[in-house]
Amino acid sequence: MKMNEILQLGSKIRKEVYSNELFLAFQNTFALSESLMLWELTEEIKSIEKTYRLVLHYAVNNFADESRKQYLEGVKDRLLAVLDKILIAAYLRNNSTDLYFSALRFSQTTGESLKRLLDQYASLKENNSAEEILQRHIEEMQKRIFNLLWVSFPLSSGDIEVLKEQFPSNSDFDPVQGIIISSLFLGTLKFYDQSKLELLLEIYLKSQNERIQAEALTAVVILLFTYDRRTDNSHIEELIKKASKNNKEEFGRRINLIIKEIVRTRETERINKKFQEDILPSMMKFGPKFNQKFGSLDEDELASLEENPQWRDMIEKSGLADSLKEMNELQMEGADVMMSTFGNLKNFPFFNEPVNWFLPFDVRRTEIRKSLEDLGNLGKILVKSYFLCDSDKYSLLMAFGSFPDLQRNAMKASMSEQFKAMEEMMENKEAFNDWFLFYVNKYIQNLFRFFKLFRRKNEFYDPFKKLPNPLDVKLLLPFVENGNNIRLLAEFNLKHGYWADAFRLYDRLLDIEGPNAPIYQKMGFARQKEGELEDALNYYMQADLLESDDPWTLKRIAVTSRLLGNWSTALNYYKKLDSLQPDNPAVALAIGKCCLELDKYADAVQWFYKADYLDPDSKKVRRGLAWALVMNQEFEAARKNYLKLMEQEPSAEDFLNLGHLELLELNYTGAIENYIKAARKGKWDTQAVIEHLDPTFRILRNLEPEIQQSLIIDELLYRLQS
């Protein structure tokens with residue numbers, strides 16, 4: 001069988017297992033194993049099927065068996081584990097060049113023992129020598145431990161016991177502990193191994209070190225997100241109950257912190273995209289304009305530009321100021337804005353090895369020693385920095401070490417002020433009173449960078465690519481399913497535009513807390529943003545029933561009704577809103593527009609006059625008023641308003657409507673002249689000219705039947721050609 005056929009059949013078997021079609025799953029797994037002549041695995045499949053037949057026998061003969069669900073879970077898990085072994089064998093036979101299978105082949109060739117590697121590592125660590133050659137041996141050993149554990153499938157009971165010994169309950173954090181956690185996590189992402197997931201939970205339970213706990217539990221939560229179908233079993237559930245036994249409230253708080261940080265990675269991707277596609281190009285375009293306008297300036301002159309209105313005006317008009325302000329606000333909220341900065345610093349050979357993306361920051365690493373020495377006190381501040389994850393610290397130091405002396409000194413000088421400010425912030429201990437959250441945040445940043453930036457990232461399943469709703473992860477439900485937690489997640493999703501997830505979370509919150517207007521409002525808003533206007537209107541109406549005369553709800557009902565073309569409903573709700581906000585020009589303007597759509601031209605004029613009184617400088621109001629006057633055949637008053645608009649940088653629409661007014665007075669020459677101005681202002685081609693004129697001409701002929709539509713359009717097109 002070809003590899004793609006094997007993978008297709010493997011996918012089919014998984015679906016059959018998940019849908020409890022185990023007869024078919026066994027048949028297809030047998031066929032796959034025998035086609036590859038994996039006789040040992042064929043025997044294992046027979047053994048699993050024998051257990052399943054016993055379960056069936058007891059079930060169909062009505063034997064009461066409280067363990068049946070557990071046996072079925074075991075059958076499915078074992079069958080899927082055999083399927084993974086078959087796939088691994090197939091990849092190896094097909095000489096897959098994936099890093100995982102290259103590392104697996106190396107492991108099989110050398111026959112390395114995890115216990116021996118860990119013992120050698122411990123022996124090297126006991127030697128306090130500062131020699132570089134010793135440090136290089138330690139680094140090589142870390143890599144070998146990571147790779148061996150990553151490809152160990154399934155994890156043997158002996159290796160599990162060895163690994164538990166690496167996590168004494170009260171130990172300080174050692175880099176190899178972080179490496180073990182990450183390799184267990186990455187290996188389970190490749191091929192699900194329940195023993196690795198259980199070990200991560202046991203590490204969390206055993207250790208009292210907050211960093212170890214944070215990284216182990218983060219790995220567990222992401223794996224539960226990824227393998228919800230395969231983790232719905234009693235053993236994992238018991239371990240989670242055990243982890244939460246002493247303090248369920250604190251355990252739940254930690255689970256929700258992790259979920260929130262995982263959800264926040266959506267913002268990291270959006271920020272990175274915005275930086276690459278918006279801010280960076282804007283800055284590149286802005287540079288030449290700045291040089292052209294201000295030339296070469298010395299340091300004092302550059303500083304004075306902060307107060308220069310021209311300089312400020314240039315930034316604001318470029319749109320750069322708004323983008324930078326948005327980025328700053330996101331950073332203040334805790335968003336990860338550093339990925340866009342450090343993404344281009346991941347091309348050093350150091351980052352060719354998967355292990356180094358997960359490596360806890362270590363000042364002894366040979367690649368960064370020189371940079372730290374050159375930076376002196378600045379290096380010490382960087383080491384202690386709370387603002388950079390491990391991966392970014394390595395990036396910054398390697399970038400610093402790669403520059404020529406002149407650039408390195410310039411970079412050192414520019415970093416000095418920023419690092420001093422960083423040091424002052426680090427002295428504020430209160431900013432980091434939740435160290436568990438801090439370690440979760442930095443670990444997720446390390447993980448996120450690997451899955452998004454590693455040069456061979458396509459060989460790895462990206463758990464951040466499609467984040468499930470926490471309500472779909474059965475084992476996490478007891479910890480996330482309370483009003484406060486769901487509300488926090490719902491608010492985050494709503495604020496950042498993840499409408500579908502926000503809606504589902506609010507819908508669940510409704511089940512927990514019962515009907516209330518604010519929840520209906522937000523559900524309606526989420527549905528409106530998804531384009532489901534009828535649904536949105538229904539939720540807004542529900543909110544209005546519970547809390548009538550709320551201005552926000554009234555406005556939303558009016559706007560949504562208008563978008564659905566229900567102008568009468570929209571008019572009624574805008575009038576309700578006007579009774580609450582009689583001095584709001586936007587409401588008067590909206591009522592005027594509704595009246596226009598309903599052919600109530602005299603009413604429209606009155607409402608536009610009110611809006612004009614409340615906001616006499618508004619072009620929107622003046623345009624509405626002028627057109628309402630046209631439709632009400634008050635041509636002289638309409639002309640006065642259009643002439644005022646002509647004095648204020650008229651738009652293509654203004655010229656067009658003035659042309660319509662001239663046309664209604666049968667001044668064809670004046671009409672065509674204004675149409676020409678409109679077409680040139682709007683840069684309309686022939687089709688656009690017709691599309692702008694044709695629908696309105698039909699309305700105008702109701703007021704003036706003598707209008708010669710086709711002749712006027714043809715004359716206009718001829719003149720535009722000349």
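As a basis for the values below, the full set of heavy atoms in this structure was taken, side chains included, without hydrogen atoms, waters or symmetry mates.
Crowding of Glu530 atom CD: a count of heavy atoms from other residues, nucleotides or ligands under 6.0 Å exceeding 12. Applying the 6.0 Å contact sphere to OH of Tyr18 captures more than 12 heavy atoms from other residues, nucleotides or ligands. Within 6.0 Å of atom NZ in Lys600, 12 or fewer heavy atoms from other residues, nucleotides or ligands are found, so the atom counts as exposed in its surroundings. Atom NZ of Lys190 has more than 12 neighbouring heavy atoms from other residues, nucleotides or ligands inside a 6.0 Å radius.
Taking 4.0 Å as the cut-off between side-chain N and carboxylate O, Asp472 and Arg229 do not count as a salt-bridged pair. Between Arg253 and Glu249 there is no salt bridge, since none of the side-chain N atoms of the basic residue sits less than 4.0 Å from a carboxylate O of the acidic one. A salt bridge is defined here as a Lys NZ or Arg NE, NH1 or NH2 lying under 4.0 Å from an Asp or Glu carboxylate O, and Asp507 with Arg527 fails to meet this definition. Between Arg504 and Asp501 there is no salt bridge, since no side-chain N of the basic residue sits under 4.0 Å from a carboxylate O of the acidic one. With respect to the salt-bridge test (charged N to carboxylate O, under 4.0 angstrom), the residues Asp654 and Lys619 do not qualify. A salt bridge links Glu491 with Lys522; the closest basic N to acidic carboxylate O contact falls under 4.0 Å. Electrostatic pairing of Glu597 and Lys593 does not count as a salt bridge here, judged by no charged N lying under 4.0 Å from a carboxylate O.
No side-chain heavy atom of Phe185 sits less than 4.5 Å from a side-chain heavy atom of Val220. Using a 4.5 Å heavy-atom threshold, the side chains of Ile512 and Asn482 count as separate. The closest side-chain heavy-atom distance from Gln194 to His235 is below 4.5 Å. Put simply, the side chain of Asn256 does not reach to within 4.5 Å of the side chain of Leu488, judged on heavy atoms. Residues Val221 and Ile255 are in side-chain contact: their nearest non-hydrogen atoms beyond the backbone lie under 4.5 Å apart. When side chains are defined from C-beta on, His660 counts as touching Leu656, because their heavy atoms get closer than 4.5 Å. Two residues are said to be in side-chain contact when any heavy atoms from C-beta on lie closer than 4.5 Å; Ile222 and Leu447 meet this criterion. For the pair Thr226/Tyr192, no side-chain contact is recorded, criterion being any heavy-atom separation below 4.5 Å from C-beta on.
To the nearest 0.5 Å, atom OH of residue Tyr439 and atom CG of residue Asp434 are 11.5 Å apart. Note: Tyr574 OH to Asn584 CG = 10.5 Å, rounded to the nearest 0.5 Å. Taken from CD in Glu691 to CH2 in Trp684, the straight-line distance is 10.5 Å, to the nearest 0.5 Å.
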**Q.** Check against side chain to side chain contact (heavy atoms under 4.5 Å, CB included), Leu475 and Asp228
**A.** CA-CA 8 Å; Leu475 291 179; Asp228 182 47; 5.8 Å; no
Q: For ring-ring contact (aromatic ring centres under 6.0 Å, His included), just list the numbers for Tyr539 and Phe503, CA-CA rounded to whole Å, side-chain angles, deciding distance to a tenth of an Å, and then say yes or no.
A: CA-CA 11 Å; Tyr539 286 112; Phe503 176 81; 5.6 Å; yes
Q) Could you go step by step and tell me if Asp599 and Tyr601 meet the side chain to side chain donor-acceptor pair (under 3.5 Å) rule? A) CA-CA 5 Å; Asp599 298 338; Tyr601 302 128; 3.0 Å; yes
**Q.** Stepwise ring-ring contact (aromatic ring centres under 6.0 Å, His included) check, Phe251 with Tyr204
**A.** CA-CA 11 Å; Phe251 185 75; Tyr204 172 81; 5.8 Å; yes
Q | side chain to side chain contact (heavy atoms under 4.5 Å, CB included) between Tyr609 and Leu629, intermediate numbers included | A | CA-CA 10 Å; Tyr609 269 129; Leu629 288 164; 4.0 Å; yes
**Q.** Stepwise salt bridge (charged side-chain N to carboxylate O under 4.0 Å, His left out) check, Lys575 with Asp578
**A.** CA-CA 5 Å; Lys575 283 184 175 179; Asp578 180 71; over 6 Å; no
Q: Would you check, one step at a time, whether the test side chain to side chain contact (heavy atoms under 4.5 Å, CB included) holds for Leu471 with Ile486?
A: CA-CA 9 Å; Leu471 298 177; Ile486 291 177; 4.0 Å; yes
Q: For side chain to side chain contact (heavy atoms under 4.5 Å, CB included), just list the numbers for Ser568 and Leu598, CA-CA rounded to whole Å, side-chain angles, deciding distance to a tenth of an Å, and then say yes or no.
A: CA-CA 8 Å; Ser568 294; Leu598 294 166; 3.8 Å; yes
Q: Kindly indicate, with the supporting measurements, whether the criterion side chain to side chain donor-acceptor pair (under 3.5 Å) is fulfilled by Glu547 and Asn516.
A: CA-CA 8 Å; Glu547 196 174 296; Asn516 70 75; over 6 Å; no
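Gly592 and Phe608 make their closest contact through C-CZ, 3.5 Å (heavy atoms, listed as atom of the first residue, atom of the second, distance). Between Asp544 and Asp549 the shortest heavy-atom distance is OD1-N, 3.7 Å. Across all their heavy atoms, Arg68 and Ala59 have their closest contact at NH2-CA, 3.6 Å. Looking at every heavy atom in both residues, Ala517 comes nearest to Leu546 through N-CD1, 3.9 Å. Across every non-hydrogen atom of Ala558 and Ala570, the tightest pair is O-CB, 3.4 Å. Residues Ala590 and Arg562 come closest through the heavy atom pair CB-NH1, 4.2 Å.
For the residue pair Asn566/Thr569, the side-chain donor-acceptor check at 3.5 Å is not satisfied. Counting only N and O atoms by type, the side chains of Glu250 and Asn247 include no donor and acceptor under 3.5 Å apart. Donor-acceptor pairing under 3.5 Å is recorded for the side chains of Ser19 and Glu21. In this structure, a donor-acceptor pair under 3.5 Å is present between the side chains of Arg254 and Gln213. For the residue pair Glu534 / Asn538, no side-chain donor-acceptor distance below 3.5 Å is found, with atom types taken as modelled.
Taking the ring centre of Phe492 as origin, the terminal cationic atom of Arg264 falls outside the region bounded by 6.0 Å and 45° from the ring axis. Geometrically, Lys457 does not engage Phe460 in a cation-pi contact, judged by NZ or CZ lying under 6.0 Å from the ring centre and within 45° of the ring axis. A cation-pi arrangement is not found for Arg556 relative to Phe525, the charged atom failing to lie both closer than 6.0 Å to the ring centre and inside a 45° cone about the ring normal.
At least one donor-acceptor pair under 3.5 Å links the side chain of Asn493 to the backbone N or O of Leu489. Between the Thr265 side chain and the Ile262 main chain, a donor and an acceptor come within less than 3.5 Å of each other. At least one donor-acceptor pair closer than 3.5 Å links the side chain of Ser244 to the backbone N or O of Ile240. Counting only distance, with no hydrogens or angles, the side chain of Asn485 and the backbone of Phe479 share a donor-acceptor pair below 3.5 Å. The closest donor-acceptor contact from the side chain of Tyr506 to the backbone of Leu494 lies at 3.5 Å or more, if one exists at all. In this structure a side-chain-to-backbone donor-acceptor pair under 3.5 Å is present from Asp462 to Phe464.
The aromatic rings of Tyr540 and Trp552 stand perpendicular to each other, their planes meeting at an angle above 60°, with 30° marking the opposite boundary.
Between His692 and Tyr675, the ring centre distance reaches or exceeds 6.0 Å.
Remark: of the listed residues Asp615, Asn641, Asp617, Asn641 is the sole one forming a side-chain contact (heavy atoms from CB on, under 4.5 Å) with Arg622.
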